[in-house]
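Following: one structure in structure tokens, then a few remarks.
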Amino acid sequence: GLLPFLESLFGVTTAITLLELSNPNHPLLKELLMKAPGTYYHSMMVSNLSESAAEAVSADPLLTRVGAYYHDIGKLKRPYFFSENQLSGENPHAKLSPNLSALIIGAHPKDGLELGRKYRLPEAILDIALQHHGTSMISFFYQQALENSDRDDVIAEKFRYEGPKPQTKEAAIIMLADAVEAGVRSLSKPSSNRVELMVRRMIKEKLDDGQLDQCDLTLKELDQIAEAFVYIMSGIYHSRIEYPEKE
């Protein structure tokens with residue numbers, strides 16, 4: 001009974017608390033499933049990738065898995081502005097300027113922090129929700145802005161997430177898994193070679209952009225993370241035989 005008070009006093013998140021948060025019947029996860037089903041299943045995929053990578057580099061697999069469950073809870077504020085939840089095929093961004101669209105998309109880490117505090121999530125989980133995009137570029141709307149107006153009028157910094165950058169291995173792994181899952185899902189024909197190229201490209205882009213500067217991951221560990229991602233993603237997107245139609 002004293003455990004919640006001790007956790008609060010010393011700022012520690014125990015395995016018991018993380019196991020409770022991993023329950024699919026947690027109110028926040030149920031709300032995510034009902035209001036943003038695409039985001040929910042994306043989070044489940046990210047959790048599988050993240051846990052495997054965390055085990056490969058001696059990070060905390062349980063914290064990484066549970067953090068991945070809740071990393072995108074900020075999307076609950078405006079679920080239909082995110083492509084995975086646009087089940088009707090209508091895209092509300094078609095009626096908005098790239099600047100406004102980037103502002104809406106870029107707000108979801110902070111929205112997640114506010115919602116997580118409302119549900120009294122541990123600080124370790126809240127940090128992951130806030131840091132999982134770092135200061136990455138919101139590339140789609142940045143390119144759209146460049147195409148729609150004079151390049152000199154477009155301020156690149158306005159098309160970046162506010163951050164902060166990942167401070168821990170767990171937050172960095174979730175950032176990479178989030179990018180990799182979305183990137184591989186965008187491939188039209190995800191063969192094993194194309195999956196591996198996409199995984200390594202996404203990790204290199206985050207590294208080159210300085211998003212991993214404030215965490216403790218080494219280059220060797222990044223290679224191990226890439227191998228873990230490729231193994232999981234290749235298993236998901238393996239080739240299948242085409243079933244013949246019945247005459």
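Side-chain contact check for Leu217 versus Ile225: some heavy-atom pair is nearer than 4.5 Å. Between Thr13 and Leu63, every side-chain heavy-atom pair lies at or beyond the 4.5 Å cut-off. Looking only at side-chain heavy atoms (C-beta outward), Leu222 and Leu176 come within less than 4.5 Å of each other. Counting heavy atoms from C-beta outward, Leu219 and Leu207 have side chains that approach closer than 4.5 Å. Contact check for Ile138 versus Tyr142: no side-chain heavy atoms found under the 4.5 Å cut-off. Counting only heavy atoms from C-beta outward, the side chains of Tyr231 and Ser52 never approach each other to under 4.5 Å. Between Met175 and Cys215 the shortest side-chain heavy-atom distance does not fall below 4.5 Å. Looking only at side-chain heavy atoms (C-beta outward), Tyr80 and Leu87 stay at 4.5 Å or farther from each other.
With respect to the salt-bridge test (charged N to carboxylate O, under 4.0 angstrom), the residues Glu221 and Lys169 qualify. Ionic pairing of Asp223 and Arg200 is present here: one or more N-O contacts between side-chain nitrogen and carboxylate oxygen are shorter than 4.0 angstrom.
A side-chain donor-acceptor contact under 3.5 Å links Gln167 to the backbone of Lys165. Checked by atom type and distance alone, the side chain of Glu181 never pairs as donor or acceptor with a backbone atom of His42 at under 3.5 Å. Counting only distance, with no hydrogens or angles, the side chain of Asp111 and the backbone of Lys77 share no donor-acceptor pair below 3.5 Å. At distances below 3.5 Å, not a single donor-acceptor pair connects side-chain atoms of Ser101 with backbone N or O atoms of Pro98.
Leu212 and Leu130 are not part of a single hydrophobic cluster, where members link through side-chain heavy atoms under 4.5 Å apart. A continuous path of ILVMFWY side-chain contacts below 4.5 Å connects Tyr40 to Leu21, so both sit in one hydrophobic cluster. Under the 4.5 Å side-chain heavy-atom criterion for ILVMFWY residues, no single connected hydrophobic cluster contains both Val57 and Ile128. The cluster map of Ile, Leu, Val, Met, Phe, Trp and Tyr, joined by side-chain heavy atoms under 4.5 Å apart, puts Ile105 and Ile155 in different clusters.
In this structure, OG1 in Thr135 is found 3.5 Å from CD in Gln211, a value given to the nearest 0.5 Å. Expressed to the nearest 0.5 Å, how far CZ of Phe229 lies from CE of Met202 amounts to 11.0 Å.
The minimum heavy-atom distance linking Ile174 with Ala68 is given by the pair CD1-N, 3.5 Å. Taking both residues in full, the closest heavy atoms of Lys35 and Pro79 are given as O-CB, 3.7 Å, listed atom of the first, atom of the second, then distance. The two residues Pro166 and Gly134 have their closest heavy-atom pair at CD-CA, 4.1 Å. When every heavy atom of Thr168 is checked against every heavy atom of Gln131, the shortest pair comes out as N-OE1, 4.5 Å. Residues Thr64 and Ser50 share a closest heavy-atom pair of CG2-CB, 3.3 Å. The two residues Met44 and Tyr69 make their nearest non-hydrogen contact at CE-CD2, 3.3 Å.
In this pair, Phe141 and His93 present their aromatic rings tilted. The plane angle is within the 30 to 60° band.
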| When you look at Ser188 and Arg194, which way does the side chain to side chain contact (heavy atoms under 4.5 Å, CB included) test go after all the steps? | CA-CA 10 Å; Ser188 56; Arg194 294 187 72 193; 3.8 Å; yes
| request: Determine, step by step, whether Phe82 and His108 satisfy the ring pair (Phe, Tyr, Trp, His ring centres under 6.0 Å) criterion, reporting the C-alpha distance in whole Å, the side-chain angles of both residues, the deciding distance to 0.1 Å, and the verdict. | output: CA-CA 10 Å; Phe82 299 88; His108 82 266; 5.4 Å; yes
| task | Check the pair His133, His71 against ring pair (Phe, Tyr, Trp, His ring centres under 6.0 Å), reporting the backbone distance first and the verdict last. | result | CA-CA 10 Å; His133 279 297; His71 79 284; 7.8 Å; no
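Defined by atom type and a distance below 3.5 Å, a donor-acceptor pair is missing between the side-chain atoms of Ser136 and Asp209.
Listed by chain and residue number, Asp208 satisfy the salt bridge (charged side-chain N to carboxylate O under 4.0 Å, His left out) test with Lys204 (two or more places apart in sequence, or in another chain).
Applying the 6.0 Å contact sphere to CD of Glu162 captures no more than 12 heavy atoms from other residues, nucleotides or ligands.
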What donor-acceptor contacts under 3.5 angstrom involve side-chain atoms of residues 113-125, with partners at least two apart or in another chain?
residue	atom	partner	partner atom	Å
Tyr119	OH	Glu31	OE1	2.9

